[in-house]
There are 2 protein chains.
Amino acid sequence: MRSPEALVERFREDGLKVTPQRQAVFSALHGDLTHPTAEIIWDRVRLQMPTVSRRTVYQVLNDLVSLGEVLVVAVDNGPTRFDPNVSLHDHFVCSICASVIDVDSDERSNVASHQTTLSDFPGFEVESVEVVFRGKCSSCASLPPASSKQHDTNTRQK
Amino acid sequence: MRSPEALVERFREDGLKVTPQRQAVFSALHGDLTHPTAEIIWDRVRLQMPTVSRRTVYQVLNDLVSLGEVLVVAVDNGPTRFDPNVSLHDHFVCSICASVIDVDSDERSNVASHQTTLSDFPGFEVESVEVVFRGKCSSCASLPPASSKQHDTNTRQK
DNA sequence: ATCTAGTCAACATCCCGTGTTGATTAGATT
DNA sequence: AATCTAATCAACACGGGATGTTGACTAGAT
């Protein structure tokens, strides 16, 4: 995602109005590396603009995705997470706290070779490749040394 | 996922009863490479057992996931998809028809090097790595040569 | 034959996201 | 400054997916 200022340009060029609500979403999302949900962004925007509607924030986020300025991170079954970082990178997903962390992949040359593998599938058009690491983040890995239930995949934090 | 017969053993060993409903889910899922949703499995089971409840099918699927016999595929925001193939493989996701296709990855040695990359994150415990390819499957790539809307990311099939 | 886990129906509830409507506000442009 | 029109708002309803609840009943496992 470009800077809020650049997005103002972009929106104007596309004939979209530059409203305070949209700008508030721009700055709420700018530089965020935590892959927030729409609800989180809404909460954040309301701190500065208490009357903004949920609908509008969802709308602006979808607009940003449609423009390719923001990516949707699809790594779990929870609510949609948004990623303003559209440059090439991977993700680590903590199986305990569900946090998503960026992983700069210097080894994308290796992944590129995966694309070669897909040439076994004639007619398929590969547009992107993402690598998802799963496991425990440093916080969750150090927390409960004992009392580890096995296969507790039904547990989900609220 | 093991064979329905082996799962019968497994369930008995774990003190779980081997009911016709559970066995029906076993065979409905066995050898399925299409990553079906719970609703699809429910429909399939009802062909042979019309009175089975939705609740029970969801329950059995969760049981299978908890036992590690079935994996959950988290590649989009739609309903949960189940994968009875627990061996090491990757996925291709069609951005048009949302179908998920297995990709045998002979290059997992490359991906292993990604795990090395994560050593930059002290304290993180990587448990699994998956590669997700996105693009158009052969069917969807050949269908509409013209009339391509740009950035139509809001469109979703029912 | 008994004990108890499973199952069932028929609800309700929750979450996430979107559709609707009609009134109002306020960018963009002239 | 006036106009046109997109955008926003409130206050809803709704939809899909999944789970919780209750109480009665069924049927594995021993």
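Below, chain A is the first sequence line, B the second, and so on; all start at residue 1. Quick caveat, the model's predicted, so the values are computed rather than measured.
- Looking at Arg22(A), its side chain has no donor and acceptor atom pair within 3.5 Å of the base of dG27(C).
- Phosphate contact (OP1/OP2 of dT7(C), side-chain N/O of Thr19(B), threshold under 4.0 Å): present.
- Outside the 6.0 Å centre-distance limit, the rings of Phe124(A) and Phe133(B) are not counted as a close aromatic pair.
- Atom P of nucleotide dT7(C) and atom CG of Leu61(B) are separated by 12 Å, given to the nearest angstrom.
- Taking side-chain N and O atoms only, Asn62(A) has no distance below 4.0 Å to OP1 or OP2 of dG17(C).
- Regarding Trp42(A), its CH2 atom lies at a distance of 14 Å from the C1' atom of dT8(D), rounded to whole Å.
- Between the side chain of Arg54(B) and the base of dA18(D), a donor-acceptor pair under 3.5 Å is found.
- When heavy atoms are screened at a 4.0 angstrom cut-off, Thr51(A) is found touching the sugar-phosphate backbone but no base atom.
- Because its NZ or CZ atom is both nearer than 6.0 Å to the ring centre of Tyr58(B) and within 45° of the ring axis, Arg54(B) counts as a cation-pi partner of that residue.
- For Lys17(A) against dA6(D), a side-chain-to-base donor-acceptor contact under 3.5 Å is present.
- Nucleotide dC16(C) holds its C1' atom 13 Å from the CG atom of Asn77(A), rounded to whole Å.
- Remark: Thr56(B) is in phosphate contact with dC8(C), judged by side-chain N or O atoms under 4.0 Å from OP1 or OP2.
- Under the 3.5 Å distance criterion, with hydrogens and angles disregarded, no donor-acceptor pair is assigned to the side chains of His35(A) and Asn85(A).
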